[in-house]
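Here is the structure we will look at.
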Amino acid sequence: MPFSIATWNINSVRLRMPLVQRLLEERAPDVLCLQETKCPDDLFPTAAFRKLGYEHIAFHGQKGYHGVATVARRPIEIVEKRRFCGIEDSRHLSVRVKAGGKALLLHNFYVPAGGDEPDPEINVKFRHKLDFVAEMNAIRADHDDVSGSILVGDLNIAPLEHDVWSHKQLLKVVSHTPVETTNFEAMRAAGGWVDLMRHGIPLDQKIYTWWSYRAQDWAASDRGRRLDHVWSSPNLTSLFLDYEILREARGWDRPSDHVPVIARFNLD
DNA sequence: ATGGTTGATTGTCAA
């Protein structure tokens, strides 16, 4: 059995626990990284995860906004809950997990959305997003013979032309502006990260993980964006098998606007 | 060009 990691912006883990349960029962990933849990740590639905076989739970939450959590069928060791930009937002959690004789450092990120106006001079949320991505330069894809790094999460940037439904129409829309996509790709490369969702995939193939709530018919208009990502250190690319975007989850009852991405590795 | 929806929280912000 391959080793599998799922990432999903769940937009309230308590409200959507039935959807999480469905994912875990249908796909049984070894590890699940959640973003936008919107759940203080003392209210995290630990018992529900345990009942589903995910007994190893790490969370970095806060009241009302943001929040990330990583749950697993196997032991995980909390490494860090990093604060960015000097702000006490819960947007990062890293854990160590063993797979196939390797110690994997797994980063779970929720990057700021950045507001509506793509001008850092008048929009402090956009300024914060750019600063956050700049600080992510410190997160490196460390690896050696017995270890590797994986970074997943809602990074709120669709970096490539075919990561959005219309490149031209989104050039001034936050998530796909040139300053975001340029800085984002530079940060990824500087850290030594490989974009696994584009690894061996033609650059002209559309890939989406998010569809707005505001569309009348999200599936018919299909105006999606690739905001969720799976990166790895270069020594894991030969062990990377494939990944699946669970597009159908966007059509589940009371869905998140993001769908799960499940990556599989030839580990174990 | 604009407005459209959702969640946490209970008026309004964030996404």
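First the proteins, then the strands, lettered A, B, ... as listed; each starts at 1. Owing to the predicted nature of the structure, the values given are computational and were not obtained by experimental measurement.
- At a cut-off of 3.5 angstrom, counting only N and O atoms as typed in the model, there is a donor on one side and an acceptor on the other between the side-chain of A/R214 and the base of B/dA15.
- Between A/D222 and A/R250 there is no salt bridge, since no side-chain nitrogen of the basic residue lies less than 4.0 Å from a carboxylate oxygen of the acidic one.
- If you take atom P in B/dT6 and the same atom in B/dT2, they sit 23 Å apart, rounded to whole Å.
- One can place CD1 of A/I10 at 15 Å from P of B/dT6, the figure rounded to the nearest angstrom.
- Along DNA chain B, the nucleotide closest to A/A215 and the one closest to A/P112 are compared, and the more 5′ of them pairs with A/A215.
- Using a 4.0 Å heavy-atom criterion, one finds that A/H66 contacts the sugar-phosphate atoms exclusively.
- Pairs passing the ring pair (Phe, Tyr, Trp, His ring centres under 6.0 Å) check and including a residue from residues 28-54 of chain A, sequence neighbours excluded, read A/F44-A/F49, A/F44-A/F59.
- OP1 or OP2 of B/dG7 lies within a sub-4.0 Å distance of a side-chain N or O belonging to A/R254.
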For this session: Kindly indicate, with the supporting measurements, whether the criterion ring pair (Phe, Tyr, Trp, His ring centres under 6.0 Å) is fulfilled by A/H92 and A/H60.
Result: CA-CA 7 Å; A/H92 168 265; A/H60 182 192; 7.8 Å; no
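- Following rounding to the nearest Å, A/R223 (CZ) and B/dT2 (P) show an atom-to-atom distance of 16 Å.
- The nearest whole Å value for the distance from the CD atom in A/E36 to the C1' atom in B/dC13 is 13 Å.
- A search for side chain to side chain contact (heavy atoms under 4.5 Å, CB included) contacts involving A/D204 returns A/H162, A/P202, not counting sequence neighbours.
- Between A/L15 and A/H258, the residue anchored nearer the 5' end of DNA chain B, judged by the nucleotide with its closest heavy atom, is A/L15.
- Spacing between atom CD of A/E117 and atom P of B/dC13 amounts to 17 Å, rounded to whole angstrom units.
- Within 4.0 Å (heavy atoms only), A/R16 reaches sugar-phosphate atoms of the nucleic acid but no base atom.
- In this entry the distance linking CG of A/L43 with P of B/dA8 reads 12 Å, nearest Å.
- Annotation: B/dA1 and B/dA14 have their P atoms spaced 26 Å apart (nearest Å).
- Computed from coordinates, the A/N9 CG to B/dA14 C1' distance equals 12 Å when rounded to whole Å.
- If you take CZ of A/F126 and P of B/dA14, they are 16 Å apart, rounded to a whole angstrom.
- Within 4.0 Å of A/R91, counting heavy atoms only, lie sugar-phosphate atoms of the nucleic acid but no base atom.
- Contact annotation: A/K63 does not reach the phosphate of B/dA8 (side-chain N/O to OP1 or OP2, under 4.0 Å).
- With rounding to whole Å, A/I157 atom CD1 is found 14 Å from B/dA15 atom P.
- Salt bridge A/E244/A/R27: present, at least one basic N to carboxylate O contact under 4.0 Å.
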